[in-house]
Every structure is written in C-alpha cells, then in structure tokens.
Protein chains: 2
Amino acid sequence: MAAPKDPRPCSIADALAIVGEKYSLLVLREVCLGNGRFDQLVRNIGAPRDVLATRLRRLVDAGVLTKRAYSERPQRFEYRPTQAGLELEPVLMTLKEWGDRHLRDGTDLPMVVEHTCGNELIPVVTCRSCGAPVHHEDLTAHPQAEGWTVSGPTAA
Amino acid sequence: MAAPKDPRPCSIADALAIVGEKYSLLVLREVCLGNGRFDQLVRNIGAPRDVLATRLRRLVDAGVLTKRAYSERPQRFEYRPTQAGLELEPVLMTLKEWGDRHLRDGTDLPMVVEHTCGNELIPVVTCRSCGAPVHHEDLTAHPQAEGWTVSGPTAA
DNA sequence: TCCGTGAGTTGGAAAATCAAACCCTCCCCT
DNA sequence: AGGGGAGGGTTTGATTTTCCAACTCACGGA
C-alpha cells in the first residue's frame, strides 16, 4: 500500500505504510489491551474477517505483532504486540488524547487510561533534550535527503 | 469511513475516522511544513489528484484544515492547518520517531526536526501528571462506557 | 452423533483507487 | 488577437479493495 511514487523519503510515510491501513491501529489498540484473538478482534473492531486476516498477516510480517498458539489441540491463536508494537502505544495514546479533546468535549470519555503514578494518563509529547512540550512554532524542519522542499514558517 | 459498526466508543477510532484515511496524515505533514498548495501536495505526497481533492474536502469539513485564497484574480488557494490540525503534529512527530527507530536504523534520517532548544527533536510521550515517559507496562485501561471488555495484562 | 467454538477462507457485489486526460480561469508574451 | 503556461481541480474508465454472508476445517463436549 506504500504510495506508488511518494517522492519524499519519510519515516512518517514509511510508518504509515505499515500501520496506516484501515483497522491496523485499531488492531494494535486491541492487542495492547490484551484482546488478541481473532474473534475478539472482529467483534471489537468491527472489521470484516477477511480484511482483518490480511491486516494481521501484514502486521506480523512487519514485526509489529506476533502470532502464538495459546492452545495446541485444538489449535488456537492469539496475536500479541512485539516490542516494536508496544512502542506504537504512545502514538495511540497521543491520538486518543487528540480525539478526547477535539472530538468529544474532553469530558465523558469512553475510556480512561491510568498511569502507574496514580493519575489519569494525559499524554504530552515533549522534547527529549529540553523536556518542553512540543508545539508547532518551536519546530524547524531540516531536510537531509533529496526530495524535500519546504516553504513557509516551518521551513529550514 | 468510520467502521460501519465499531462496537467500541473510542476516541482513537474517532480520530482515525478523520485522519486515518490513506494520505490524510501525509497531507497534514505537508501543510505543517507550509506546503499547502494543491500541486505541491500532489507532487510531495504522490497521491492521485482526485483522491487528494476528496481528502482535502474531508479535512476541511472536519476542521483540521482551512482553505484560503492566497491570491484573488487569479484565484489561487492554499490549505493550512487549523489549531486542531497543528495539535496533530505531535502525533506525526511521534510516528516519525517510531519510523526513524524501527524502519531505518536510527541513523541517516531523511529529515531532522530541530526544536527551539537548539537540539534535534526526539519526541518523548510523557504523563502530564508525573512527567515520566509512557511505557506499556505502566498503563491500566479503565472502560467508562458500554462496549468495552478488556483482558490480559493491561486490563483494569 | 450432533452442536458449538475458534480461526480463518471463498465468492460475488459494491465502493474506492489509480492514471491520464480534460476543463476553466486567469496571466503573460508577442 | 493568438498561443502558451500555471494553478486547481473534475471526468472517465480500468483496476483494486472492501464488504458481507456463507462456508470450511479441526477439534471438544454433551
């Protein structure tokens, strides 16, 4: 599904080629919650079974999920996130936070995630070097490879 | 594109219904970089023009982008992120960081973003309450609405 | 033996994507 | 006054995907 001729080498595009197809991130949501069985996924995501089967294959191939038997005889499988899959959870949480704020009014959330610190998790994306929350106006893009041209306020 | 019968009320699913279609997040990447004109988008994203036109309409309707004329006579338009759109940039940066680490080997990046602090931006998703980086094992899901059942290690 | 469950696969209609061509409005050049 | 762009799309028709319901297969239990 990678764009046939995306002229920009870009990790965002590459990441989306893996997890950007319909349902893929919802699969990840479910496996991170521990709901990794095929029928659970079908029910909880609402995806067609065949599409789901295709996605699962792709995510396993990409190293985001693993498929393991939780029972031989009868053979029964379960999908679980790999380390790489777990490391996508922050993306999910950030997306959830955006949705909570912009698509609901921030109250009456369908689901709350609690952090070990004892509080509700409200994810904040920060700069590793300085710790400050990331805002658009603090960023400057620096193309390192061919194919990049940027203009406007964020440009280098 | 919302899943016809996603049984779970979920801000992740809702957010993906807005920005989860093919190319939508790449459009956002471009408009955040200041490349908001139709032909720039076509070139930089590599999307078919008709699909792009559809996405742009959708993103404008959803309040993530605005369309403004940067020239009357000849009428010429430009798409720009709204506040809500800009607030998706952290999601993009987090996704980029994941891609940089897992899809490239962390070196030789096609593009580097600099933070005002003077360093390369490496986004870290943290808990707003305690400031700690978010890891899977520190999270507990608490369903607040019908439709949720969780099992396994992350379950409540 | 018949029923149910889990984990998919198959078949065919409906929708979305793709690529290329086309259109319209304006501007500029001569 | 005619011709040639450029920008911002729309149209057309072929190709892919999605969707959904039904089906399969392997077991285990009553």
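First the proteins, then the strands, lettered A, B, ... as listed; each starts at 1.
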Rounding to an integer number of Å, can you tell me how far L41(A) CG sits from dG6(C) C1'? 12 Å

For residues 109-118 of chain A, the salt bridge (Lys or Arg N to Asp or Glu O under 4.0 Å) pairs (sequence neighbours left out) are none

Under 4.0 Å, heavy atom to any atom of DNA chain D: which of residues 59-75 of chain A qualify? R73(A), P74(A)

Protein-nucleotide distance (L56(A), atom CG; dG8(C), atom C1'), rounded to Å: 10 Å

Just the table, please: protein N/O against nucleotides 1-4 of chain C N/O, every pair under 3.5 Å.
none

With sequence neighbours left out, what residues match E72(B) under side-chain contact (heavy atoms from CB on, under 4.5 Å)? A69(B), Q75(B)

With sequence neighbours left out, what residues match D39(A) under side-chain contact (heavy atoms from CB on, under 4.5 Å)? R43(A), R49(A)

Are OP1 or OP2 of dC18(C) and a side-chain N or O of K22(B) less than 4.0 angstrom apart? yes

I need the CZ-P distance between R43(B) and dA19(C), as an integer number of Å. 17 Å

The criterion is side-chain contact (heavy atoms from CB on, under 4.5 Å); which residues satisfy it with E146(A), sequence neighbours excluded? none

Only pairs under 3.5 Å count here: list side-chain donor-acceptor contacts from residues 91-98 of chain B, not counting sequence neighbours, and write none if there are none.
from: T94(B); atom 1: OG1; to: P90(B); atom 2: O; distance (Å): 2.6
from: K96(B); atom 1: NZ; to: D100(B); atom 2: OD2; distance (Å): 2.8
from: K96(B); atom 1: NZ; to: M111(B); atom 2: O; distance (Å): 3.2
from: E97(B); atom 1: OE1; to: R101(B); atom 2: NH2; distance (Å): 3.3
from: E97(B); atom 1: OE2; to: R101(B); atom 2: NE; distance (Å): 2.7
from: W98(B); atom 1: NE1; to: A84(A); atom 2: O; distance (Å): 2.9

Y79(A) side chain N/O closer than 4.0 Å to the phosphate oxygens (OP1, OP2) of dG6(C)? no

In whole angstroms, how far is the C1' atom of dG6(C) from the CG atom of N35(A)? 15 Å

Assess whether a salt bridge exists between R58(B) and E21(B), defined as any Lys/Arg side-chain N lying under 4.0 Å from an Asp/Glu carboxylate O. yes

Show your reasoning for whether salt bridge (charged side-chain N to carboxylate O under 4.0 Å, His left out) applies to E30(A) and R8(B). CA-CA 11 Å; E30(A) 290 302 316; R8(B) 268 141 151 33; 2.5 Å; yes

The ring pair (Phe, Tyr, Trp, His ring centres under 6.0 Å) partners of W148(B) (sequence neighbours excluded) come to none

Whole-Å distance, N44(B) CG to dG8(D) P, equals 13 Å

Under the side-chain contact (heavy atoms from CB on, under 4.5 Å) rule, collect the residues that match up with E137(B), sequence neighbours excluded. H135(B)

All N/O contacts under 3.5 Å from nucleotides 10-12 of chain D to the protein, with atom names and distances to one decimal?
from: dT10(D); atom 1: OP2; to: R57(B); atom 2: NH1; distance (Å): 3.4

Rounded interatomic separation in angstrom, taking CD1 from I45(A) and P from dA7(C): 14 Å

Minimum heavy-atom distance V31(B)-Y79(B), with the two atoms named: CG1-O, 3.7 Å

Using only side-chain N and O atoms of Y23(B), determine if any of them is under 4.0 Å from OP1 or OP2 of dC18(C). yes

Mind listing the side-chain donor-acceptor pairs of residues 122-131 of chain A below 3.5 Å, one per line with the distance, residues two or more places apart or on another chain?
from: T126(A); atom 1: OG1; to: V124(B); atom 2: O; distance (Å): 3.0

When rounded to whole Å, the CZ to P distance for the pair F77(A) and dC27(D) reads 11 Å

Whole angstroms only, please: what is the CG-P distance between L52(A) and dA7(C)? 11 Å

Suppose we screen for salt bridge (Lys or Arg N to Asp or Glu O under 4.0 Å). Which residues come up paired with R73(A), at least two apart in sequence or across chains? none

Among dA7(C), dC19(D), dG8(D), find the nucleotide with the atom closest to the side chain of R37(A). dA7(C)

